[in-house]
Amino acid sequence: MGKQRLKSVWVYHVDAGSCNGCDIEVLDVLSPYYDLERLGIKVVPNPRHADVLFITGPLTRQTRIMIRKAYEAMPPKPRIVVAIGTCASSGGIFYNSYALYNTSPQRGRDRLRSGGPEMIVPIDMYIPGCPPSPEEILYGVAQLLGIKEKKMKGEYWIALPPGEKAGKENEIEFKIPDRPIPLRYWLTLREELRRVVGYYDRDAVLNDFIELVGKAFESENPREKLHDLVTGYFLKEKDSRIKVAMRFLENEFWRLYDEYHSLGENIRKKYPVTAGV
């Protein structure tokens with residue numbers, strides 16, 4: 001695609017399942033105040049006329065076929081795809097939702113987050129933000145078309161192992177919070193718990209549970225002790241949602257415990273544990 005082609009492109013916008021926050025910002029870019037057309041960019045109602053595909057929102061099961069068909073309907077060249085917003089880039093708060101199109105069983109939990117559109121179409125540029133401002137969208141598009149040079153410069157940081165002191169400017173100390181359970185357990189429990197009590201109460205409930213785990217592993221029979229502690233927690237707690245969440249955490253914790261311990265000594269070396277876990 002030559003420079004002349006880049007200076008005049010037509011754009012087709014599709015919503016892959018967003019909350020409409022990013023869509024509103026895209027419309028704002030088209031308003032006379034920001035005037036996207038002054039850059040030679042025009043929004044068209046048909047993907048067959050489009051050079052660039054704007055995608056907003058995480059990829060849902062219902063929209064995946066529509067996104068694919070829109071992409072295939074575009075002319076073969078240049079076929080530029082821009083993911084606009086945090087949801088299109090990494091899934092946002094919906095990255096592990098049952099409603100999203102998920103082709104990888106490893107996606108979510110404590111694994112790499114994904115917005116989903118890159119699973120069916122190649123993404124040329126990501127413009128993150130929740131939602132991104134019109135200025136950010138304009139800046140990203142200007143970079144993509146070669147109208148504006150990128151002002152930001154790359155930085156390289158090195159995360160040191162726990163306990164090692166930083167000796168250079170680009171080195172940072174990596175600190176793992178002191179918990180009676182491994183970090184991998186904590187991350188998985190935290191992500192799974194949001195399905196039970198949501199984001200607002202999840203951290204408070206998980207912190208209470210971690211305290212009980214620490215007390216349980218001080219005894220000779222931690223499994224039985226933890227069950228007794230959770231039962232005692234039940235008697236004091238009045239909120240039924242918290243009770244369900246606490247029992248869920250107990251069952252999920254022992255499932256993770258058995259799963260990881262069955263993998264052998266190599267896994268235990270890779271994810272060091274404390275407090276007898």
Side-chain angles (χ1 to χ4, degrees), residues 58 61 86 90-100 102-114 159-165 172-277:
R61 298 178 183 179
T86 299
S90 65
I93 63 174
F94 309 109
Y95 79 97
N96 198 23
S97 170
Y98 68 92
L100 299 191
N102 186 352
T103 59
S104 171
Q106 299 301 318
R107 183 167 156 230
R109 298 178 72 177
D110 59 337
R111 279 89 178 184
L112 183 65
R113 299 191 178 196
S114 167
L160 300 174
E164 238 182 81
K165 298 295 181 181
I172 56 174
E173 297 180 30
F174 183 73
K175 298 180 180 179
I176 299 178
D178 186 19
R179 300 188 183 96
I181 65 174
L183 179 62
R184 190 174 183 86
Y185 288 30
W186 181 82
L187 287 170
T188 303
L189 291 174
R190 188 171 183 267
E191 291 303 323
E192 295 295 338
L193 186 59
R194 72 182 178 88
R195 303 175 186 273
V196 183
V197 294
Y199 289 95
Y200 185 75
D201 297 318
R202 135 179 108 169
D203 288 342
V205 176
L206 184 56
N207 289 337
D208 288 345
F209 178 75
I210 289 175
E211 289 184 11
L212 299 183
V213 172
K215 295 177 181 178
F217 276 93
E218 294 175 357
S219 66
E220 296 181 357
N221 191 341
R223 197 178 295 256
E224 183 178 335
K225 180 65 175 180
L226 182 60
H227 182 76
D228 294 339
L229 291 172
V230 171
T231 302
Y233 189 94
F234 267 43
L235 299 177
K236 298 178 182 178
E237 181 59 49
K238 297 180 180 180
D239 192 335
S240 59
R241 295 181 310 117
I242 306 300
K243 293 181 179 181
V244 171
M246 193 62 68
R247 188 64 73 189
F248 167 82
L249 285 172
E250 180 187 2
N251 295 333
E252 188 69 8
F253 172 76
W254 290 121
R255 184 190 70 79
L256 291 172
Y257 180 90
D258 296 336
E259 175 183 340
Y260 289 133
H261 275 252
S262 65
L263 296 179
E265 188 64 25
N266 291 334
I267 292 296
R268 288 197 289 273
K269 289 180 179 178
K270 189 174 182 180
Y271 304 103
V273 295
T274 59
V277 180

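For the single chain, residues carry numbers from 1 onward in sequence order. What's counted below: heavy atoms across the whole structure, side chains too, no hydrogens, waters or symmetry copies.
Each of Val196, Thr231, Asp208 was checked for a side-chain contact (heavy atoms from CB on, under 4.5 Å) with Met246, and the lone residue meeting it is Asp208.
Between Pro180 and Gly214 the shortest heavy-atom distance is CB-CA, 3.7 Å. Closest approach of Tyr257 to Phe217, counting heavy atoms only: CE1-CZ, 4.2 Å. Across Leu212 and Leu229, no two heavy atoms sit closer than the pair O-CD1, 3.3 Å.
The distance from atom CZ of Phe94 to atom CG of Leu100, rounded to the nearest 0.5 Å, is 8.5 Å. Here the straight-line distance linking atom CD of Glu191 with atom CG of Leu206 works out to 10.5 Å at 0.5 Å rounding. Atom CD1 of residue Ile210 and atom CD1 of residue Ile181 lie 4.0 Å apart, to the nearest 0.5 angstrom.
Scored by the side-chain contact (heavy atoms from CB on, under 4.5 Å) test, Asn251 finds Arg247 as partners (sequence neighbours excluded). When the side-chain contact (heavy atoms from CB on, under 4.5 Å) test is applied to Ser219, the partners found at least two apart in sequence or on another chain are Lys225.
Phe209 and Phe253 have perpendicular rings, their planes meeting at more than 60° on a 0 to 90° scale where under 30° would count as parallel.
Judged by distance alone, with hydrogens and angles left aside, the side-chain atoms of Arg202 form a donor-acceptor pair with the main-chain N or O of Arg190 at under 3.5 Å.
With a 4.5 Å cut-off on side-chain heavy atoms, Tyr233 and Ile242 count as touching. Residues Glu252 and Leu249 fail the side-chain proximity criterion, which asks for heavy atoms closer than 4.5 Å.
Applying the salt bridge (charged side-chain N to carboxylate O under 4.0 Å, His left out) rule to pairs touching residues 229-241 yields Asp201-Arg241, Asp239-Arg241, sequence neighbours excluded.
A salt bridge links Asp258 with Arg223: at least one charged nitrogen is closer than 4.0 Å to a carboxylate oxygen.
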